[in-house]
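Structure first, then comments.
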Amino acid sequence: MLNPTPVLHDSSNPFLDMLSRYERAAEILNLEEGVRTFLKTPMRQHIVSIPIQMDDGTIKVFEGYRVIHNDVLGPGKGGIRYAMDVSLDEVKALAAWMTWKCAVVNVPFGGAKGGIICDPRQLTKTELEKITRRYTANMINVFGPDSDIPAPDMGTNEQVMAWIVDTYSMHKHNTVSGVVTGKPLILGGSLGRKEATGRGVMDVTLAAMERLNMDPMKSTVAVQGFGNVGSISAKLLYDQGCQVVAISDVTGAYYNSKGIDIYAALKHSENNKGLLEGLKDAEKISNDELLTLKVDVLVPAAREDQITEKNASKIRAKIIAEGANGPTTAAADPILNDLGIIVIPDILANAGGVTVSYFEWVQNRQGYFWSLERVNRRLDRAMRSAFNTVYETSQKHNESLRIGAYILAIDKVATALKLRGIYG
Ligand code: GLU
C-alpha cells in the first residue's frame with residue numbers, strides 16, 4: 001500500500017496540478033523554503049502579439065507565449081503548441097514538466113514551452129508560415145541553441161520547425177540548425193526523432209511489464225489518440241506482440257476485442273486525411289468507454305485532463321503509460337493508487353521525444369550524424385535506465401512512480417542549483 005496522497009484541489013488547471021505533485025515531492029525531500037519557491041517559479045514568461053495579414057486581406061492578431069521554467073541544468077527545451085485552448089497557465093505547466101522530464105532522463109536541458117492560440121486546421125499554409133515567422137521574430141532574443149531550443153508539440157510539425165530555423169537564421173545571418181529540434185532530416189534533423197516519443201512509451205511499458213511479470217504477447221492495450229505519439233506507441237506495442245484492442249482520435253474510439261490491425265489503421269488514416277473515421281473491423285465506442293476498458297495497458301496519448309476524479313474509479317487497466325503531457329489530474333492520482341494501478345508518469349513515459357531531441361542537438365553541434373540503430377539503442381538504454389531509477393526511488397519512499405519521478409527530478413535540479421548558488 002502506497003502512502004496516501006492528499007487531494008490538494010479539484011483541478012482543471014494544469015499548473016496547479018503540477019504544483020500539487022511538486023509540493024509533495026519537495027516535502028519528502030525536505031527542500032528548504034527558498035529553494036522550493038525558486039524551483040516552482042517560472043524564470044521567464046514571454047507573451048507576444050502576432051499580427052498577420054490573412055489570405056483574404058484582413059488583419060488578425062494572435063497571442064503567443066514562451067515560458068522558460070528553469071535553466072539550471074542547461075538551456076530551456078520544449079515544444080511549441082498551436083491550439084485554440086492554449087493558455088499561459090497551460091504553457092507554464094508544460095514548461096515545468098519539461099524541467100522535470102529532462103532531469104528524469106538525464107538530458108542536460110532546462111524546461112521551456114511555447115504556444116500560440118490558433119487552430120492550425122483552419123489556417124492556410126501561408127497563414128501558418130506567417131504566424132510562425134512573426135512569432136519567431138518576436139522571440140529572436142529568447143530562442144537560441146545555447147539559450148532556448150523549441151521542438152514540435154501538438155499542432156506543430158517538421159515544417160513549422162523548418163520555418164523557425166529559416167527565420168532565426170535570417171536574423172543571425174547564418175544557418176543555425178541547432179536552434180530547434182524535430183527538424184526535417186535534410187535540415188539537420190535526427191533519424192528516429194519522429195518515432196522517439198512512441199518508442200520511449202514502448203520501452204517503459206515493456207520495463208513495467210517485466211517488473212509485473214506480464215507477457216507482452218498475452219497483453220491487451222488501449223491507446224487514446226492517434227497522432228504522432230499514440231499511433232507510434234500503438235504500432236510499436238503491436239510489433240511487440242501486444243493485442244491493441246482499441247484506438248481513438250477526434251472522430252471517436254474504435255474497438256475490436258480480438259485486436260485491431262494497427263498497420264491497416266495507419267494506412268486507413270493516411271488515406272483519410274489523418275482520421276480514423278470509417279475504420280473497418282472495429283466497433284465505434286465512446287472516448288470514456290475506451291478509457292475504462294478492461295485492458296492490461298492504457299496509453300492516454302491525446303490531451304490533458306482525460307483521467308479525472310470523475311472517471312478514475314472506473315479505470316480497469318493494470319498499467320497506464322502516459323504518452324500525453326498531463327493526461328491525469330492530481331485529484332485522480334490517489335484514486336488510481338488505491339486501485340493498485342501502476343501509472344508510468346508523463347515526465348518519464350513520454351520523455352523519449354526530448355531524449356532524441358538532445359541527440360539531434362548533439363549531432364548538430366558535432367556536425368556528424370548518427371545511424372538509426374545508434375539513436376534507437378541509446379534511446380532504449382536511456383528510457384530503461386530512467387524507468388529503473390524512478391522505480392527504485394518510488395520504492396524507497398513508498399510512493400507512486402509519479403512522485404518517485406518528481407523526487408528524482410527535483411533533487412537533481414535542487415542539487416545543481418545549490419552548487420551554482422544564487423547570483424546577486
Ligand atoms: N513536445 C515534446 C514534449 O512534450 C518534445 C519536446 C522537445 O523535444 O523539446 O516532450
Side-chain angles (χ1 to χ4, degrees), residues 14 18 65-71 73-83 86 90-116 139 142-158 160-161 164-165 177-184 188-190 192-201 203-204 225 227-230 232-233 300-304 321-327 344-364 375 379 382-383 386 405 409:
M18 188 288 295
Y65 309 97
R66 185 75 183 170
V67 173
I68 319 275
H69 172 258
N70 189 285
D71 65 4
L73 286 178
K77 186 82 193 83
I80 298 172
R81 175 172 288 202
Y82 289 180
V86 163
E90 184 193 45
V91 177
K92 276 163 64 182
L94 290 160
W97 282 327
M98 287 308 302
T99 303
W100 314 135
K101 199 186 292 188
C102 291
V104 163
V105 281
N106 263 327
V107 157
F109 288 139
K113 202 81 177 196
I116 300 177
M139 297 293 176
V142 176
F143 295 165
D146 292 311
S147 54
D148 177 26
I149 308 136
D153 198 78
M154 269 175 45
T156 58
N157 55 21
E158 288 190 348
V160 173
M161 296 306 113
I164 297 178
V165 167
S177 46
V179 67
V180 296
T181 59
K183 297 177 288 290
S190 175
R193 172 61 186 87
K194 224 189 270 172
E195 298 77 26
T197 311
R199 189 172 178 94
V201 170
D203 287 329
V204 293
N228 173 279
V229 182
I232 308 278
S233 304
R303 300 267 357 212
E304 282 124 58
E322 295 185 336
N325 289 310
I344 311 173
D346 46 8
I347 57 172
L348 167 64
N350 69 40
V354 77
T355 302
V356 177
S357 274
Y358 168 55
F359 297 163
E360 179 174 332
W361 180 82
V362 168
Q363 292 170 75
N364 293 153
V375 170
L379 169 63
M383 293 305 295

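Side chains included, hydrogens not; waters and symmetry mates left out as well; all remaining heavy atoms used. Quick caveat: nothing in here was measured; it's all calculated off a predicted structure. Counting starts at 1 for both ligands and their atoms, following the listed order. Along the sequence shown, residues are numbered consecutively beginning with 1.
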task: Determine which pairs satisfy salt bridge (Lys or Arg N to Asp or Glu O under 4.0 Å) with at least one residue from residues 348-359, sequence neighbours left out, and list them in order.
output: none
- line: The protein residues that pass the under-4.0 Å heavy-atom test against ligand 1 are K77, G78, G79, M98, K101, K113, A151, P152, D153, R193, N325, G353, V354, S357
message: How long is the straight-line distance from CG of N350 back to CH2 of W97, given to the nearest 0.5 Å?
response: 10.0 Å
message: Check this for me: K194, atom NZ, are more than 12 non-hydrogen atoms of other residues, nucleotides or ligands nearer than 6.0 Å?
response: no
message: Do F143 and I80 make a side-chain contact, defined as non-hydrogen atoms from C-beta onward lying under 4.5 Å apart?
response: yes
task: Indicate yes or no: at least one non-hydrogen side-chain atom of V354 is less than 4.5 angstrom from one of C102.
output: yes
query: Does the side chain of K101 come within less than 4.5 Å of N325's, by heavy atoms?
result: yes
